[in-house]
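Data first, discussion second: the structure below is written as structure tokens.
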Amino acid sequence: MRHLMRNALLAAGVTGMLLGPALPSQADDEVPANVPGVCGDRRPADPAPGEYGMQLDGTFRHPFLTPAGEERFAFPGGAQDLFPKTKGYDPKSYLEGPITLEASYRGPDFTPDYFHTWQNVVDFDGRRYLFQYDRTEARVYDVTNVKDVKIVERLTGKDWKEADYWGAATIQWRDGHYVMIQSFEQKRQVDELGDSPERSKFNNPEGVAKLRESTTFKGFKVYRLDGPRRKDWTLLSTVTTDPTLTDPKPGVQQGSGSLDVPYWTGGKYMFIAVAPLDSWSNTEVPTYLYSPGYQAYDMSDLKRPKLVGEWHRPGQVAGEAAYAKNPRCGNRTSWMGARMPLFVSGKYGFAALGGFGLSILDISDPARMREVSHLDLPMSVGGTEADNVDVSQYEKTGMVYVSGYPLGEDCHEPYKEVYQVDARNPAEPRIVGVLPRPKPAAGAKFADYCQRGGSFGPKRTGSYTSPGDPKQGLIPYAFYNAGVQFFDVRDAKRPKIAAQFVPAGFSSRVPDYALGNQTHAIYVEWDRKIVWVFTNDGMYALSSRQLLGAPTLGKPDRPYRNSSR
């Protein structure tokens, strides 16, 4: 019946509020404290098999709306039909366009974590080092010779003390030293909660209570780096993001902690994504308790960072009436709030807020961050909406590129477009186009990436913490099972894909549960003209004389100090 009603509404053109018929209402007082219940239970139904799949013209029809979940979904002509010998994943790799694969490094030594890693570079004594890490699993590589990378250090869980790990970090130069600021947060992949209705935060008060009582450190730490190894770190300060506390020692803290990579380029102010209090909680994702906004810190004294400002969008905090007006309210699927800190260009901070859309903030006075404008994005549920904003072209063109990313496999969710947003007038941003959908390379066995196995869609365009200036007119994008896509945006009216590198989609070294999570990160050394690609089975180095310029495969001309943007 729910599928029939959805189809009837689609036929009538009713899409903006479409979540499927509401299930029996669940009032706010029937869910745990600081878990949204104002809209009841409007979790979407799984789409019927006939509502999505391959079309006669070789394109894929995505489902309109899907609930949270990361299971595999077979469809006629899909990956499980095409690649039965390799568990439904394409074992081949593809390279198309003017790019060169300079080196490949596969296997566990180059895969600290199958699902996601963060990266940074530092230069010491004429050598360049690459950090690749995710919490307790980490590697340090000497990448001075791109074609002969050496492992300098391996770190695993046994190498860390309680409440310590390698948090998502920015590294910048200050007063003759590298300074690393690491985020520490409530882990998002938790055992206490699950995607299913019975294990979700909405129906699992015991799981919610257990997470609230966790002593995970929530905040950030500041280190001085005197070399590339962990033994070379000196802790300068430990800061909790819970404004009700002054003692940063491990203990029960409110809120999320600092999410992902802090935005700091070595100057006075730093911006982080954070839900400082448990009441910043209006989010529908079933396994996460927080709706992060932003904090600003004065970093003049690295031993005593000072909180100077906070900002959130109306509706993010429990009890705010604006939440009920969002069409995602009650869907028990959508991430609502920030995942990444502000994406900064000049005095503007671009806030990607998941299901809350895109806000542009004036951050010229960090103590009084002010929303200049807001842009709602088309619904794309499930998966993550409004996660990344590429601002590399903004200074010259006024254009930013906004995207979410897929969470499911086999395209069992709406496609995640990369929106072209014209923000030349920051008070009136508008969507003016989308980047083209990647197409398989010539000779591929599949007609659409939805047939290749794994997740398909954009992840992110790398990190602002990279050395050198981003190339104008070029945006390389990690695209999960479509590898790395190089978008030529010199003509904003006619963006095109200039090249792609798609690593092998299957390896016997990767456990079954991680096979779908393929190219999940890139890191661009703009100064050496090298793109590093990170997958669930290793890392690769790419160059392109035509797109990036002549690469430097050895010692950089000058050491990396601060990110330019």
Side-chain angles (χ1 to χ4, degrees), residues 2-3 6-7 10 44-96 106 114-115 195-196 333 380-383 405-417 436-459 478-485 497 500-520 533 535-538:
R2 296 184 73 181
H3 298 305
R6 176 191 281 110
N7 291 338
L10 283 170
D46 284 311
E51 293 181 359
Y52 66 96
M54 294 304 297
Q55 306 294 285
L56 294 177
D57 63 358
T59 63
F60 183 85
R61 181 185 182 191
H62 287 259
F64 176 75
L65 191 70
T66 52
E70 299 181 17
E71 301 85 0
R72 295 215 65 182
F73 292 89
F75 56 86
Q80 294 177 65
D81 290 342
L82 295 177
F83 309 107
K85 294 182 180 180
T86 48
K87 302 181 180 181
Y89 297 94
D90 179 14
K92 294 185 177 181
S93 63
Y94 308 89
L95 191 153
E96 191 172 58
R106 300 180 67 181
Y114 295 116
F115 279 98
D195 287 326
S196 63
T333 298
S380 181
V381 178
Y405 63 84
L407 289 175
E409 290 199 46
D410 302 303
C411 293
H412 191 255
E413 64 181 66
Y415 178 63
K416 299 298 178 284
E417 301 281 9
R437 179 186 177 106
K439 295 181 180 180
K445 191 175 180 179
F446 49 95
D448 188 277
Y449 276 107
C450 290
Q451 298 173 281
R452 190 172 187 252
S455 296
F456 169 54
K459 178 61 173 178
F479 232 86
Y480 283 110
N481 75 354
V484 184
Q485 300 288 318
I497 296 173
Q500 61 177 328
F501 168 67
V502 184
F506 174 80
S507 169
S508 59
R509 291 182 292 260
V510 178
D512 288 358
Y513 66 82
L515 281 167
N517 194 63
Q518 296 169 23
T519 299
H520 49 251
V533 183
T535 77
N536 57 3
D537 184 43

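Numbers here simply count residues along the sequence, with the first being 1.
Residues A504 and S93 share a closest heavy-atom pair of N-CB, 3.5 Å. What you find for P440 and D448 is that their closest heavy atoms are CG-N, 3.8 Å. The two atoms that bring E413 and P406 nearest to each other are OE2-CA, 3.0 Å, heavy atoms only. In terms of heavy atoms, G453 sits closest to A79 at N-CB, 3.3 Å. P63 and C411 make their closest contact through CD-O, 3.3 Å (heavy atoms, listed as atom of the first residue, atom of the second, distance). Scanning both residues, F75 and C450, for their nearest heavy atoms gives CZ-O, 3.4 Å.
Side-chain N/O atoms of T59 and D57 include a donor and acceptor closer than 3.5 Å.
The side-chain heavy atoms of H412 and D46, taken from C-beta on, include a pair separated by under 4.5 Å. With a 4.5 Å cut-off on side-chain heavy atoms, D90 and F506 do not count as touching. With contacts defined as side-chain heavy-atom distances shorter than 4.5 Å, the pair N536/Q518 qualifies. Counting heavy atoms from C-beta outward, Y405 and Y480 have side chains that approach closer than 4.5 Å.
Between the NZ atom of K92 and the CZ atom of R452 there is a distance of 11.0 Å, given to the nearest 0.5 Å. Atom CD of residue Q485 and atom NZ of residue K439 lie 12.0 Å apart, to the nearest 0.5 angstrom. E71 CD to D410 CG: the interatomic distance, rounded to the nearest 0.5 Å, is 11.0 Å.
Residues passing the side-chain contact (heavy atoms from CB on, under 4.5 Å) test with A478 are K459, T519, I522, sequence neighbours excluded. Take S380 and apply the side-chain contact (heavy atoms from CB on, under 4.5 Å) test, not counting sequence neighbours, and it matches E385, P414, K416.
Only one option out of Y415, F456, Y52 pairs with H62 in a ring-ring contact (aromatic ring centres under 6.0 Å, His included); it is Y415.
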Side-chain atoms of residues 80-87: list all donor-acceptor pairs with protein atoms under 3.5 Å, sequence neighbours left out, distances to 0.1 Å.
unit_1: D81; atom_1: OD2; unit_2: G77; atom_2: N; d: 2.9
unit_1: T86; atom_1: OG1; unit_2: Y89; atom_2: O; d: 2.5
unit_1: K87; atom_1: NZ; unit_2: D512; atom_2: OD1; d: 2.7

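R509 and D537 are joined by a salt bridge, as a carboxylate oxygen and a charged side-chain nitrogen come within less than 4.0 angstrom of each other.
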